[in-house]
Protein chains: 2
Amino acid sequence: MERNANVPGATIQRLPAYLRCLLQAQTNQMPLVNSGSIAEMCGTNAAQVRKDFSYLGELGTRGIGYDVGELIGHISRVLGIVERRRAAIIGFGKLGGALFGYSGFGERGFEIVALFDADPDKIGTTAGALTVSGMDEVESVLRGQGVEIVILATPAAVTQSAADAVVSAGVKAILNLAPVSLSVPDDVAVRQVCLSTDLQILSFHLAQGGASER
Amino acid sequence: MERNANVPGATIQRLPAYLRCLLQAQTNQMPLVNSGSIAEMCGTNAAQVRKDFSYLGELGTRGIGYDVGELIGHISRVLGIVERRRAAIIGFGKLGGALFGYSGFGERGFEIVALFDADPDKIGTTAGALTVSGMDEVESVLRGQGVEIVILATPAAVTQSAADAVVSAGVKAILNLAPVSLSVPDDVAVRQVCLSTDLQILSFHLAQGGASER
DNA sequence: GCTTGTGAACGAATTCACAGCT
DNA sequence: AGCTGTGAATTCGTTCACAAGC
């Protein structure tokens, strides 16, 4: 849509962290930052920060640094979160419930507008302003609500079929919390989050003795 | 400790996914697999799989493939999860509670042996076989229990100080679920998991139109 | 014949180092 | 003088293509 197609994937993965640091700088009444201070806050290095930002345009002023407010606006625009995106959670168990209760999504550009679960005892119950829907309603509710992103917090065994319903509803972005690799058409973006995986990677570092990472 | 120091980081990050697929193959009574079938299960390609495994040694048999049981053993050994590692959760709110209730850690090499929270109302309460301890006990309990990995599920504002206590206790691996970048000595491995970050990356893909990712 | 293991080619990402503005 | 923006150099990771072994 934009010309951001040339922004490297590795850079995009760091933009949210930059955004977080910049919002904090803004809270701390800092009107300007330079690449060194951003690097320090995010745990990278100054050259990396400048190179990353350079893919987005010429955002700074030589000799001065970057305007915090402008940078926040620019990164938000690139990430497509200038207005909040509508998301849904499928699987309203402990994890799904914890995520729904988490306020961080709202602050970072996302609004949860639908909840789904397979358990008949949960269907029809309310959580906040929402009512939990059943799995047979996934497609219609997602379409009706204009959901753009779905978070899968389902048991592993049913996750692929949930994903299939989500894809049928025309959703193009899925965050999968179940420990299975999904197969979806390749115009659908999937991100896999698996805490066991992260623990195993940490375990490797323990097995090695020394650390150093990312 | 081992000679695995030469295994590239990118390979290590894929080992947990391979392990997951292999365990599933084992459940399905498949005694052998080849690089192509592993690739399909994990969403990579065969050359990648063979190259990754080659860093761990010569694990397969030409013309035949890989023995599932042997591979599982080998990868588990490299990841250092042949015996379960002891972990703790700091921050026993909704998220911490959901993680504690999750059985997947136990199946994948980890045992939760301690819980901590700052809330006086929670301290002293029991969850499963454990009693929730206060933040002033972090260092002593972690040492006493021989905890190797800590999961931080604390509010952002107190996460750095919790991390400091964890580091003081001699723990060398931290999984941080709070949306802040931690600063720790560089012999401590940290992995940052932030769902908002992942949602923002997905949002970028939506903003672009097409997807394609990992 | 089929599948692994691996050098070599290629491509992506990071770091360096300095020219260009303010 | 200070800090950004960026080509060039380097490092890291992936893919290719084929020799080696069952």
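All values below were derived from every heavy atom in this structure, side-chain atoms included, with hydrogens, water molecules and symmetry-related copies excluded. In what follows, chains are A, B, ... by sequence order, proteins preceding strands, each numbered from 1. Here the structure is a predicted model, which is why all the values come from computation and not from measurement.
The residue B/Thr11 sits apart from the nucleic acid: no heavy atom pair falls under 4.0 Å. Within 4.0 Å of B/Tyr66, counting heavy atoms only, lie sugar-phosphate atoms of the nucleic acid but no base atom.
In this structure, A/Leu15 places its CG atom 13 Å from P of C/dA13, rounding to the nearest Å. Atom OH of A/Tyr55 is separated from atom P of C/dA12 by 11 Å (rounded to the nearest Å). Going from atom CG of B/Asn45 over to atom P of C/dG11 covers 15 Å, rounded to whole Å.
Once you apply a 4.0 Å limit to the heavy atoms of chain B, the touched nucleotides of DNA chain D run 5' to 3' over D/dG13 to D/dC22.
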List the atom pairs, with distances to 0.1 Å, where a side-chain N or O of residues 52-67 of chain A and a protein N or O form a donor-acceptor pair under 3.5 Å, not counting sequence neighbours.
from, atom 1, to, atom 2, distance (Å)
A/Asp52, OD1, A/Thr11, OG1, 2.7
A/Asp52, OD1, A/Arg14, NH2, 3.0
A/Asp52, OD2, A/Arg14, NE, 2.8
A/Asp52, OD2, A/Arg14, NH2, 3.4
A/Asp52, OD2, A/Tyr18, OH, 2.6
A/Ser54, OG, A/Lys51, O, 2.6
A/Asp67, OD1, A/Gly69, N, 3.1
A/Asp67, OD1, A/Glu70, N, 2.8

Table please: side-chain donor-acceptor pairs of residues 149-164 of chain B below 3.5 Å, with sequence neighbours left out.
from, atom 1, to, atom 2, distance (Å)
B/Thr154, OG1, B/Thr159, OG1, 2.9
B/Thr159, OG1, B/Pro155, O, 2.7
B/Thr159, OG1, B/Ala156, O, 3.3
B/Gln160, OE1, B/Ser183, N, 3.0
B/Gln160, NE2, B/Asp164, OD1, 2.9
B/Gln160, NE2, B/Ser183, O, 3.0
B/Ser161, OG, B/Val158, O, 3.0

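Every side chain to side chain contact (heavy atoms under 4.5 Å, CB included) that A/Ile72 has, sequence neighbours left out, goes to A/Leu19, A/Leu22, A/Leu23, A/Gln26, A/Val68, A/Ser76. Remark: A/Thr197 engages no residue in a side-chain hydrogen bond (donor to acceptor under 3.5 Å, both in side chains) (not counting sequence neighbours). With sequence neighbours excluded, the residues forming a side-chain hydrogen bond (donor to acceptor under 3.5 Å, both in side chains) with A/Ser35 are A/Arg50, listed by chain and number.
Applying the ring-ring contact (aromatic ring centres under 6.0 Å, His included) test to every pair with at least one member in residues 149-188 of chain A, sequence neighbours left out, gives no pairs at all. Residue pairs meeting the side-chain hydrogen bond (donor to acceptor under 3.5 Å, both in side chains) criterion with at least one partner in residues 80-97 of chain B, sequence neighbours excluded, are A/Ser203-B/Arg85, B/Arg85-B/Glu148, B/Arg86-B/Gln145.
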List every contact pair, protein side and nucleotides 18-21 of chain C side both N or O, where the distance is under 3.5 Å.
from, atom 1, to, atom 2, distance (Å)
C/dG20, N3, A/Arg62, NH1, 3.3

